[in-house]
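Working notes for the structure below.
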Number of protein chains: 2
Amino acid sequence: MQRTLSSLDYAVDEEVISTISRALAHPVRVRILKLLAGETCCFTGELTGMIPMAQSTISQHLKVLLDAGLIQGRIDPPKVKYCIDRERWRLAEELFMGFFGPESGAACDGD
Amino acid sequence: MQRTLSSLDYAVDEEVISTISRALAHPVRVRILKLLAGETCCFTGELTGMIPMAQSTISQHLKVLLDAGLIQGRIDPPKVKYCIDRERWRLAEELFMGFFGPESGAACDGD
DNA sequence: TTTGTTCATCGGCAATATACGATGAATCAG
DNA sequence: CTGATTCATCGTATATTGCCGATGAACAAA
């Protein structure tokens, strides 16, 4: 979590993949995204009622997702609506596909 | 990183996605995976020569990838060869596809 | 046995992540 | 203005991550 290696400049996609992955690195955030991406669509802080965690904790997780660009928040006083950022979502799909997709590389057994 | 919420039991895919994501959460690990998955295939500790980090640090990153099941290591004294775990790789692709893939959910503007 | 190579693990330090309760900010109803 | 609602942020405690140098373990060659 330091990344002080200035001599190692990562490729853009390496940075973006790791950034998005860091946002997905906690199961509760995966769940939140599933809820938002699912049929229910644009959600609000009712998440507080669906997830047994303190409101402040959920708010923090939402902030992490927000910072990663995966969701958007729109103010609808006194509530806030969160929804998937579709553009970022598509980018994520594209990047992860390009990453996991190609079945390149030979098997390890040979040699 | 505590996850003491016993009342919140995550779905298997939520756990697996977050586990794999945690492994991808550092750009240097993404790079290592790219190197291993790329044309070069089964690599060894020559990574030490390709990444400007201490040998112990790289070894730690390899362990993280190993624990996440994304790579395998085979001993070939006095070296160790690492390669992608193709099975896990396919599972990852499948899970991330199912996660990012569906363009479900209406736009946020309505309502 | 001794030496050299390769890699993992240990100890230590600083930074981040995660959780909570409490408090602050914004808004609307009365 | 007062109070209620909703959500973000602060402060704090603890666990984890990430980095390094140093050391340990395994093995082959001399």
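These numbers come from the heavy atoms of this one structure, side chains and all, not from hydrogens, waters or symmetry mates. Chain letters run A, B, ... following the sequence lines, proteins first and then strands; every chain starts at 1.
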Whole-Å distance between [N] [atom2] and [X] [atom1]?
{"X": "A:Leu24", "N": "C:dA17", "atom1": "CG", "atom2": "P", "value": "14 Å"}
{"X": "A:His26", "N": "C:dA17", "atom1": "NE2", "atom2": "P", "value": "12 Å"}
{"X": "B:Met53", "N": "D:dT17", "atom1": "CE", "atom2": "P", "value": "16 Å"}
{"X": "A:Leu47", "N": "D:dT6", "atom1": "CG", "atom2": "P", "value": "14 Å"}
{"X": "A:Leu65", "N": "C:dA17", "atom1": "CG", "atom2": "P", "value": "13 Å"}

Inset, instruction - Examine D:dT17: is either OP1 or OP2 under 4.0 Å from a nitrogen or oxygen in the side chain of B:His61? Give yes or no. - result: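 For D:dT17, neither OP1 nor OP2 has a side-chain N or O of B:His61 closer than 4.0 Å.
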Quick note, side chain to side chain donor-acceptor pair (under 3.5 Å) partners involving residues 45-59 of chain A, not counting sequence neighbours, are none
Ignoring the backbone of B:Ala54, work out which of D:dT17, D:dG21, C:dT27 is nearest its side chain.
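Selected nucleotide: D:dG21.
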| For A:Glu14, all residues meeting side-chain contact (heavy atoms from CB on, under 4.5 Å), sequence neighbours excluded |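 Applying side-chain contact (heavy atoms from CB on, under 4.5 Å) to A:Glu14 gives A:Tyr10, A:Ala11, B:Val30, B:Arg31, B:Lys34.
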Margin query: Just to verify, what does B:Leu95 make a side-chain contact (heavy atoms from CB on, under 4.5 Å) with, not counting sequence neighbours?
Written below: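 With neighbours one apart ignored, the set is B:Asp13, B:Val16, B:Ile17, B:Leu91.
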Any heavy-atom pair between the side chains of A:Leu33 and A:Tyr82 that's under 4.5 Å?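 Not in contact.
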The complete set of salt bridge (Lys or Arg N to Asp or Glu O under 4.0 Å) pairs with one or both residues in residues 53-69 of chain B, sequence neighbours excluded, reads B:Lys63-B:Asp67
Residues at least two apart in sequence or cross-chain that pass side-chain hydrogen bond (donor to acceptor under 3.5 Å, both in side chains) with B:Arg90, listed by chain then number, are A:Glu103
Expected string for nucleotides 7-13 of chain D under the B/S/- scheme (protein heavy atoms, under 4.0 Å, primed atoms plus P, OP1, OP2 as sugar-phosphate) is BBB-B--
